[in-house]
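As the structure is a prediction and not an experimental result, all values here were calculated from the model. Here is how names work: the chains are called A, B, and so on, in the same order as the sequence lines, proteins then strands, and each is numbered from 1.
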2 protein chains.
Amino acid sequence: MSTATVSRYFNAPDVVAQATAARIRDVVERTGYVPNLLAGGLASSRTKLIAVAVPRFSQPLFASTIQAIADALANAGYGVLLGLTGSSDQHAEGQLVSIVGRRPDGIVLAGTSLSSDARKWLRNSGVSVIEIWDLPRDPIDLVVGFSHIRVGQAIARHVLNSGRRKAFMISADGARARERRAGFIRALRSGGAPDPVVAAFTGGATTYRDGRSALALHLESGRDPDVVVCSSDWSAHGAMDELRARGRRVPEDVAVIGFGDLDFASELVPTLTTVKIDGEAIGRKALAFLSLRSEGKRIQQSVIDIGFSLIVRESG
Amino acid sequence: MSTATVSRYFNAPDVVAQATAARIRDVVERTGYVPNLLAGGLASSRTKLIAVAVPRFSQPLFASTIQAIADALANAGYGVLLGLTGSSDQHAEGQLVSIVGRRPDGIVLAGTSLSSDARKWLRNSGVSVIEIWDLPRDPIDLVVGFSHIRVGQAIARHVLNSGRRKAFMISADGARARERRAGFIRALRSGGAPDPVVAAFTGGATTYRDGRSALALHLESGRDPDVVVCSSDWSAHGAMDELRARGRRVPEDVAVIGFGDLDFASELVPTLTTVKIDGEAIGRKALAFLSLRSEGKRIQQSVIDIGFSLIVRESG
DNA sequence: CTGAAAGCGCTTACAG
DNA sequence: CTGAAAGCGCTTACAG
């Protein structure tokens, strides 16, 4: 029997005669043969491999989105190549080179900011790139994201509508958190409220610890905010605990707003007002992009804004 | 210039003449050429690819360990293939087949329980397998882990030494959490304490929500534990919050013990007593295994127990 | 429905 | 230090 027929058995079973298929199946079971996908990818120039690049494994805010994407990919028969781009810009570009070397059918880029040289190089590499979780001004290729500026504005409008004006922000120092911050401040201003005090933390999402310590410092400096806006649900949780420890009531004295709608947000006492991103929707759209590309179809709308939802709960 | 020389430039630069290297470098820069690692892997039968299989992206307790392993691998020039084995046993084996198809130089298996057929098949696949985070009785190949039974026993001894006897356990329902539970109960018994009441939760690590709800139910049923032992720091956090909400003092009335030593454990009020696993040590050992294998060296000690530390803080 | 043959882009002894 | 040539294990028109 020829290797061609075995190849067809795996890739287009319906084209192989029943009897032939049975013989192949039998040998495969006995020997535990697994087709070499390297050779297959090389020969067909379709690797069924998608790279997913994130700053850190389980950048916590991305986690559910990445999980959704990876599940969708696995179900569609793709392998997932993980790229950790966090350590440094140089490191990120090294990762990307090593990823492109494996000729994935696509690269999903989450929360990674690249130099414009790197962006140009990626564009020329010929592999499909899907940037998620943001709406870049100069997309490399495909985009599934949302506007962080608008998130900040939406939070500000909600704050103003609740009659609060003295905001304290606990914010990460990444590009996206900064955009949310800018949107928030701009909208506060146009609502006539004073600029918030901002505590900025470097290094990924703000943590429970960040929330506690930022709030401790802020209150000790004699400030008295009526709303605390946090760049993650964790720091919001920490902020709430610190507020309570210092005798402030939430939401009577001060509101607390998070970001991410993590599993515990609805379980805190009081339950946490926050912003929810639909990770599964991102995964679905990304997969749809890849399908179109693999069928060689033209993509008319290459930027998809999936939006976000402000979930108002008890905390403010 | 022959492809052989270019290949040497990338894989053994020192063997190429300066002038030749310069010419190659020049062309590479101008064209953005990236060697095809599929072809390279096929030709050399070393893929520089390591698969990492975990139940879910960011199974939270594994996160820092996986991050450490992935960093170590990336620094050593390996690509990381991600396998999500969580959905179901069948799904896990499908993932493994698809992983083996890419001929990785090794597979790191974390928190995945496989049927004995699957284990046998993997053993015969010829790829190096490193099981981490556990000490399986019948290892597939290499192991870097610790004894969950001994973790449970260590917690029990600490509890007994603190003079506490009425334990409530909040436990996940996975194989490892069950072992910790068994070790805990066994050691409690041999210390003369009554068996604890156990609240078991299916599906990965126990969450903040699990901790709150389990404790609410337990207290409402009229019980009055003097120690709460949790299978994750999250559920311990939830338990502490619920205890406080119901007027119990920690640790005066009841101690709380977690698992994982996550970033917030030292930041809670009171700070959380918990168990710490050294993820970086696991990563280092795993990489050392891979190096030995790639050099074709014999591995004398194929099972490494990296142990754990009980970190006693204010909560009990 | 099946096979012979060329080719995918590298690596690696083997010569030189 | 460099090149010619075989080979890695598949896929894919092309015949039949």
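The aromatic rings of A:Phe57 and B:Phe57 lie tilted to each other, with the angle between the two planes from 30° to 60°. Relative ring orientation between B:Trp133 and B:His148 is described as tilted, the plane-to-plane angle lying within the 30° to 60° band. Classified by interplanar angle (parallel below 30°, tilted 30° to 60°, perpendicular above 60°), the ring pair A:Phe10/A:Tyr33 is tilted.
Looking only at side-chain heavy atoms (C-beta outward), A:Asp105 and A:Val127 stay at 4.5 Å or farther from each other.
Across the C1' atoms, D:dT12 and D:dG16 are found 16 Å apart, a figure rounded to whole Å.
Heavy-atom distances to DNA chain D give each of A:Val34 and B:Ser2 a nearest nucleotide, and the one nearer the 5′ end belongs to B:Ser2. Toward the 5′ end of DNA chain C lies the nearest nucleotide of B:Ala39, the other residue of the pair B:Ala4 and B:Ala39 mapping further downstream.
Counting any heavy atom pair closer than 4.0 Å across all strands shown, A:Ser44 reaches sugar-phosphate atoms only and no base atom. Nucleic acid contact for B:Thr5: sugar-phosphate only, since backbone atoms but no base atoms lie under 4.0 Å from a heavy atom of the residue. A:Ala17 comes within 4.0 angstrom of the backbone, heavy atoms only, and of no base. Among the protein residues, B:Val16 comes within range of the sugar-phosphate backbone only, with heavy atoms under 4.0 Å from sugar or phosphate atoms but none that close to a base. Across all strands, A:Tyr33 comes closer than 4.0 Å only to sugar-phosphate atoms, never to a base (heavy-atom distances).
Rounded to whole Å, the distance from NZ on A:Lys48 to P on D:dC10 is 18 Å. What separates CZ of A:Arg46 from C1' of D:dT11 is a distance of 11 Å, to the nearest Å. Look at OH on B:Tyr9: it is 20 Å from C1' on C:dT12, rounded to the nearest Å. Rounded to whole Å, the distance from CZ on B:Arg103 to C1' on C:dT11 is 18 Å. When rounded to the nearest whole Å, the span between CD of A:Gln18 and P of C:dT2 equals 10 Å. Rounded to whole angstrom, the span from the CE atom of A:Met1 across to the P atom of D:dC10 amounts to 15 Å. Rounded to an integer number of Å, the gap from A:Ile24 CD1 to C:dC1 C1' is 11 Å. Rounded to an integer number of Å, the gap from CG of B:Leu42 to C1' of D:dA6 is 13 Å.
Side-chain N/O atoms of B:Asn36 include none lying less than 4.0 angstrom from OP1 or OP2 on C:dC8.
Considering only side-chain atoms of A:Ser7, the nucleotide from D:dA4, D:dC10, D:dT2 that sits closest is D:dC10. For B:Ala43, the listed nucleotide lying nearest its side chain is D:dG7; candidates were D:dG7, D:dT11, D:dG9.
As the counterpart of D:dG3, C:dC14 is assigned, both hydrogen-bonding distances of the Watson-Crick or G-U wobble pattern falling under 3.5 Å.
Here the options are A:Arg293, A:Arg123, A:Lys120, A:Arg119, the test is salt bridge (charged side-chain N to carboxylate O under 4.0 Å, His left out), and the partner is A:Asp141; only A:Arg293 passes.
Taking 3.5 Å as the limit, the base of C:dG3 and the side chain of A:Arg8 contain a donor-acceptor pair of atoms between them.
When all heavy atoms of A:Leu61 and A:Ala205 are compared, the closest pair comes out as CD1-CB, 4.1 Å.
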